[in-house]
Amino acid sequence: MTQLTILRYPDPRLHTVAKPVAEVDARVRSLADAMLKTMYEAEGIGLAATQVNVHERLVVIDVSEGRDQPLVLINPEIVWTSPEKQVNDEGCLSVPGVYDGVERASAVRVQALDLKGEQQTHSAEGLLAVCIQHEMDHLMGKVFVEYLSPLKRNRIKTKMIKQRK
Ligand code: GNR
Ligand code: NI
(Lines give C-alpha, C1' and ligand atoms only; values in the text may rest on other atoms or scores of the structure.)
(Ligands and ions follow the chains in the order given, each with its own letter.)
Protein backbone atom coordinates (compact mmCIF):
# COMPACT_ATOMS: atom_id res chain seq x y z
CA MET A 1 0.00 0.00 0.00
CA THR A 2 1.36 3.36 -0.98
CA GLN A 3 1.93 6.01 1.68
CA LEU A 4 -1.07 8.24 2.21
CA THR A 5 -0.69 12.02 2.13
CA ILE A 6 -2.36 14.03 4.89
CA LEU A 7 -4.19 17.13 3.62
CA ARG A 8 -3.15 20.37 5.33
CA TYR A 9 -5.45 23.13 6.48
CA PRO A 10 -6.66 25.32 4.75
CA ASP A 11 -7.12 22.75 1.97
CA PRO A 12 -10.78 23.06 0.85
CA ARG A 13 -11.03 19.26 0.50
CA LEU A 14 -10.95 19.06 4.32
CA HIS A 15 -14.48 20.51 4.24
CA THR A 16 -15.97 17.64 2.23
CA VAL A 17 -18.79 15.73 3.95
CA ALA A 18 -18.03 11.97 3.93
CA LYS A 19 -20.47 9.36 2.65
CA PRO A 20 -21.15 6.07 4.43
CA VAL A 21 -18.94 3.08 3.62
CA ALA A 22 -21.13 0.83 1.45
CA GLU A 23 -19.52 -2.48 2.37
CA VAL A 24 -16.74 -3.61 4.71
CA ASP A 25 -14.65 -5.44 2.13
CA ALA A 26 -10.97 -5.94 1.26
CA ARG A 27 -10.70 -2.39 -0.10
CA VAL A 28 -11.93 -0.91 3.19
CA ARG A 29 -9.67 -3.19 5.26
CA SER A 30 -6.63 -2.20 3.23
CA LEU A 31 -7.54 1.49 3.49
CA ALA A 32 -7.89 1.16 7.29
CA ASP A 33 -4.51 -0.57 7.40
CA ALA A 34 -2.86 2.21 5.38
CA MET A 35 -4.51 4.86 7.56
CA LEU A 36 -3.23 3.19 10.74
CA LYS A 37 0.31 3.12 9.31
CA THR A 38 0.03 6.77 8.31
CA MET A 39 -1.30 7.72 11.76
CA TYR A 40 1.48 5.84 13.61
CA GLU A 41 4.16 7.32 11.35
CA ALA A 42 2.82 10.82 11.96
CA GLU A 43 2.60 10.08 15.70
CA GLY A 44 -1.08 11.00 15.83
CA ILE A 45 -3.74 9.48 18.04
CA GLY A 46 -6.39 9.49 15.32
CA LEU A 47 -6.93 9.93 11.60
CA ALA A 48 -10.12 10.41 9.61
CA ALA A 49 -10.40 9.27 5.97
CA THR A 50 -11.22 12.90 5.06
CA GLN A 51 -7.64 13.84 6.00
CA VAL A 52 -6.24 11.47 3.37
CA ASN A 53 -8.72 12.71 0.77
CA VAL A 54 -11.06 9.71 0.97
CA HIS A 55 -14.56 10.98 1.63
CA GLU A 56 -16.06 7.96 3.36
CA ARG A 57 -17.05 7.47 7.01
CA LEU A 58 -13.96 5.71 8.31
CA VAL A 59 -11.66 6.69 11.18
CA VAL A 60 -8.74 5.06 12.96
CA ILE A 61 -7.73 5.84 16.53
CA ASP A 62 -5.11 4.71 19.03
CA VAL A 63 -4.86 6.65 22.29
CA SER A 64 -2.88 3.91 24.09
CA GLU A 65 0.56 4.62 25.57
CA GLY A 66 2.03 1.56 23.87
CA ARG A 67 0.57 2.50 20.46
CA ASP A 68 -0.75 -1.06 20.29
CA GLN A 69 -4.53 -0.68 20.64
CA PRO A 70 -5.80 0.32 17.21
CA LEU A 71 -9.47 1.13 16.91
CA VAL A 72 -11.18 1.22 13.50
CA LEU A 73 -14.61 2.87 13.34
CA ILE A 74 -16.63 2.42 10.16
CA ASN A 75 -19.82 4.47 9.66
CA PRO A 76 -19.54 5.77 13.25
CA GLU A 77 -22.48 7.55 14.85
CA ILE A 78 -22.47 9.21 18.25
CA VAL A 79 -25.52 7.76 20.03
CA TRP A 80 -25.08 9.55 23.36
CA THR A 81 -23.16 12.59 24.61
CA SER A 82 -22.78 13.46 28.28
CA PRO A 83 -24.28 16.78 29.36
CA GLU A 84 -20.98 17.49 31.13
CA LYS A 85 -18.47 19.37 29.02
CA GLN A 86 -14.76 19.84 29.25
CA VAL A 87 -12.16 22.04 27.57
CA ASN A 88 -9.09 20.20 26.28
CA ASP A 89 -6.12 21.33 24.22
CA GLU A 90 -6.40 19.79 20.78
CA GLY A 91 -4.02 19.38 17.89
CA CYS A 92 -4.53 18.01 14.39
CA LEU A 93 -2.28 16.29 11.87
CA SER A 94 -3.84 18.58 9.23
CA VAL A 95 -2.86 21.69 11.25
CA PRO A 96 0.67 20.81 12.41
CA GLY A 97 2.11 22.79 15.32
CA VAL A 98 -1.19 24.32 16.43
CA TYR A 99 -2.76 23.45 19.78
CA ASP A 100 -5.70 25.19 21.38
CA GLY A 101 -8.59 24.61 23.75
CA VAL A 102 -11.88 23.19 22.48
CA GLU A 103 -14.98 22.45 24.55
CA ARG A 104 -16.46 19.00 24.00
CA ALA A 105 -18.73 16.57 25.80
CA SER A 106 -16.75 14.80 28.56
CA ALA A 107 -18.04 11.38 27.53
CA VAL A 108 -19.68 9.85 24.45
CA ARG A 109 -21.05 6.56 23.24
CA VAL A 110 -20.34 5.73 19.61
CA GLN A 111 -21.80 2.99 17.46
CA ALA A 112 -19.75 1.79 14.48
CA LEU A 113 -18.96 -1.21 12.34
CA ASP A 114 -15.64 -2.98 12.95
CA LEU A 115 -13.39 -4.55 10.31
CA LYS A 116 -15.58 -7.67 10.32
CA GLY A 117 -18.60 -5.53 9.47
CA GLU A 118 -20.08 -6.11 12.93
CA GLN A 119 -21.87 -3.36 14.85
CA GLN A 120 -20.05 -2.35 18.05
CA THR A 121 -20.74 0.23 20.75
CA HIS A 122 -17.87 2.00 22.50
CA SER A 123 -18.19 4.10 25.64
CA ALA A 124 -15.48 6.71 25.85
CA GLU A 125 -14.25 9.37 28.23
CA GLY A 126 -11.05 11.35 28.59
CA LEU A 127 -8.71 11.55 25.59
CA LEU A 128 -10.62 8.85 23.66
CA ALA A 129 -13.87 10.84 23.93
CA VAL A 130 -12.08 13.98 22.71
CA CYS A 131 -10.49 12.10 19.83
CA ILE A 132 -13.75 10.45 18.71
CA GLN A 133 -15.52 13.84 18.60
CA HIS A 134 -12.55 15.41 16.76
CA GLU A 135 -12.61 12.61 14.13
CA MET A 136 -16.42 12.75 13.73
CA ASP A 137 -16.04 16.44 12.96
CA HIS A 138 -13.52 15.66 10.19
CA LEU A 139 -16.10 13.34 8.58
CA MET A 140 -18.53 16.27 8.59
CA GLY A 141 -15.91 18.50 6.95
CA LYS A 142 -15.07 20.36 10.14
CA VAL A 143 -11.56 21.13 11.41
CA PHE A 144 -11.04 21.99 15.12
CA VAL A 145 -9.73 25.50 14.32
CA GLU A 146 -13.29 26.38 13.28
CA TYR A 147 -14.17 26.43 17.01
CA LEU A 148 -11.58 29.16 17.62
CA SER A 149 -12.17 32.88 17.17
CA PRO A 150 -11.99 34.28 13.62
CA LEU A 151 -8.86 36.19 14.66
CA LYS A 152 -7.05 33.05 15.81
CA ARG A 153 -8.26 31.09 12.79
CA ASN A 154 -6.98 33.71 10.37
CA ARG A 155 -3.60 33.79 12.09
CA ILE A 156 -3.42 30.00 11.80
CA LYS A 157 -4.40 30.14 8.12
CA THR A 158 -1.65 32.64 7.37
CA LYS A 159 0.91 30.59 9.33
CA MET A 160 -0.06 27.38 7.50
CA ILE A 161 0.16 29.04 4.07
CA LYS A 162 3.63 30.43 4.93
CA GLN A 163 4.80 26.98 6.05
CA ARG A 164 3.52 25.29 2.89
CA LYS A 165 6.24 23.47 0.95
O1 GNR B 1 -2.89 13.38 16.99
C2 GNR B 1 -3.86 14.04 17.36
N3 GNR B 1 -3.90 14.49 18.63
C4 GNR B 1 -5.01 15.05 19.22
C5 GNR B 1 -4.84 15.69 20.43
C6 GNR B 1 -5.91 16.26 21.08
C7 GNR B 1 -7.17 16.18 20.50
C8 GNR B 1 -7.35 15.57 19.28
C9 GNR B 1 -6.27 15.00 18.64
S10 GNR B 1 -6.52 14.18 17.13
C11 GNR B 1 -4.94 14.36 16.42
C12 GNR B 1 -4.86 13.54 15.13
C13 GNR B 1 -5.82 14.11 14.12
O14 GNR B 1 -5.63 15.12 13.53
N15 GNR B 1 -6.94 13.47 13.95
O16 GNR B 1 -7.86 13.95 13.12
NI1 NI C 1 -7.53 16.10 13.10
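No experiment lies behind these values; they were computed from the predicted model shown. Remember, it's 1-based here, ligands and their atoms both numbered in the order they're listed.
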Q.
Closer than 4.0 angstrom, basic N to acidic O: yes or no for Arg29 and Asp33?
A. no

Q) What residues come within 4.0 Å of ligand 1, counting heavy atoms only? A) Gly44, Ile45, Gly46, Gln51, Asp89, Glu90, Gly91, Cys92, Leu93, Val130, His134, Glu135, His138

Q.
Under a 3.5 Å distance rule, please check whether Ser82 uses its side chain to pair with a backbone N or O of Ala105 as donor and acceptor.
A. no

Q.
If the condition is side chain to side chain contact (heavy atoms under 4.5 Å, CB included), which residues does Ile78 pass it with, not counting sequence neighbours?
A. Thr81, Val108, Val110, Ile132, Gln133, Met136

Q. Is the shortest distance from a Lys or Arg side-chain nitrogen in Lys116 or Asp114 to a carboxylate oxygen in the other one below 4.0 Å?
A. no

Q: For side-chain contact (heavy atoms from CB on, under 4.5 Å), just list the numbers for Ile45 and Leu128, CA-CA rounded to whole Å, side-chain angles, deciding distance to a tenth of an Å, and then say yes or no.
A: CA-CA 9 Å; Ile45 59 167; Leu128 181 58; over 6 Å; no

(Q) Is the terminal nitrogen or CZ of Lys142 (NZ for Lys, CZ for Arg) located under 6.0 angstrom from the six-membered ring centre of Tyr147 and within 45° of that ring's axis? (A) yes

Q. Can you tell me if Asp137 uses its side chain to pair, donor with acceptor, with the backbone of Met140 under 3.5 Å?
A. no

Q. Can you name the salt bridge (Lys or Arg N to Asp or Glu O under 4.0 Å) partners of Arg57, sequence neighbours left out?
A. Glu77

(Q) Which residue in the set Val130, Leu148, Val145, Asp100 passes side-chain contact (heavy atoms from CB on, under 4.5 Å) when paired with Glu90? (A) Val130

Q: State the count of protein N/O/S atoms located less than 2.8 Å away from the Ni ion (ligand 2).
A: 3

